[in-house]
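Predicted model only: the values in this text are computed from it and were never measured. Numbers restart at 1 for each chain; the letters A, B, ... are given by sequence-line order, proteins then strands.
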Amino acid sequence: MAPKMALKKGDEIIGKRKIVNKGAWTAEEDTKLSDYIQKYGAKQWKTVALKAGVNRCGKSCRLRWLNYLRPNIKRGNISDEEEDLILRLHKLLGNRWSLIAGRLPGRTDNEIKNYWNSHLSKKVNHKERKSEFPATPAGTTPPSEEMREENLENEDTEINIDMNDLFHFSAEGTYGLDWIDKFLQIDEQGA
DNA sequence: AACGAAGTCAACCGCTAATTT
DNA sequence: GAAATTAGCGGTTGACTTCGT
């Protein structure tokens, strides 16, 4: 009698058969997937999933490879420059995480998204709330040093640019990211 | 030390767009 | 041109960790 296959939490089961693993990837699965992709390339994720021997769906393999296993990936320690770039690009593009990640070599859309949700969105909300309380009228308590610094920072990140121009520009040209470069150049000059 | 709340992040889900048949 | 398949994206979830009481 064949031994029962151990089920981990989250494994998907149809009937009495274990179909695909779910949840956190093990080191063994990572190795198998990396080895397969290095040999045969990262294309046709369904095939990769089947042949790499990881018992995962193609989607899961793709995500794991793109976000953690592929070469030249950077993890953690987002620098001030990167953070500044994320803030500016988000101001311009909104939640277009893959586009933003495309401007940050080695960073993934998932990491940028997580970083935004756990760090930057709070910062931005904090600043926005502060800016709802403008200059104190004469005779009342002047703004604190901290608040004045916040205001200066807000001025620094103010974007003095006609967005219609930018989108018109992007529509005229190719679908490349030249227009974002243009935007960033203008933004840097303004800062 | 124990517990709950809050924060973080890896992974999944559902949807759309792009590509293939 | 239509249908099926695959790839990619953004939102959300849930496990784990850290912090405060």
Practice problem: Examine dC9(C): is either OP1 or OP2 under 4.0 Å from a nitrogen or oxygen in the side chain of Arg96(A)? Give yes or no. | Solution: no

Practice problem: Indicate yes or no for a side-chain donor-acceptor contact from Arg107(A) to the backbone of Gly76(A) under 3.5 Å, with no hydrogens or angles considered. | Solution: yes

List, with names and distances, any nitrogen or oxygen atoms from the protein found under 3.5 Å away from nitrogen or oxygen atoms belonging to nucleotides 15-21 of chain B.
| residue | atom | partner | partner atom | Å |
| --- | --- | --- | --- | --- |
| dC15(B) | N4 | Lys59(A) | NZ | 3.4 |

Quiz item: Is it true that a side-chain atom of Ser118(A) and a backbone atom of Asn114(A) form a donor plus acceptor pair closer than 3.5 Å?
Solution: yes

Self-check item: Partner residues of Lys46(A) under the side-chain contact (heavy atoms from CB on, under 4.5 Å) criterion, sequence neighbours left out
Solution: none

Exercise. Hey, could you give me the CG/CZ distance between Leu93(A) and Arg103(A), rounded to the nearest 0.5 Å?
Key: 10.0 Å

Self-check item: Candidate pair Asp35(A) and Lys39(A), rule salt bridge (charged side-chain N to carboxylate O under 4.0 Å, His left out), full reasoning
Solution: CA-CA 6 Å; Asp35(A) 286 352; Lys39(A) 273 186 191 168; over 6 Å; no

Practice problem: Measure the distance from CG on Leu99(A) to P on dC9(C) and round it to the nearest whole Å. | Solution: 8 Å

Quiz item: What is the per-nucleotide protein-contact pattern of nucleotides 4-11 of chain B, from the 5' end, where B denotes a base atom under 4.0 Å from a protein heavy atom, S denotes such proximity for sugar-phosphate atoms only, and - denotes neither?
Solution: ---SSBBB

Quiz prompt | Spacing of Leu50(A) atom CG relative to dT5(C) atom P, expressed in whole Å | solution = 14 Å

Exercise. Look at the side-chain N and O atoms of Trp97(A) and state whether any lies under 4.0 Å from the OP1 or OP2 oxygen of dG11(C).
Key: yes

Exercise. Quick one: pull up CD in Glu111(A) and CG in Leu104(A) and give me the separation to the nearest 0.5 Å.
Key: 9.5 Å

Quiz item: Heavy-atom distance under 4.5 Å between the side chains of Asp109(A) and Asn67(A), does that happen here?
Solution: yes

Quiz item: Is Arg70(A) reaching over with its side chain to a backbone N or O of Leu66(A), donor-acceptor style, under 3.5 angstrom?
Solution: yes

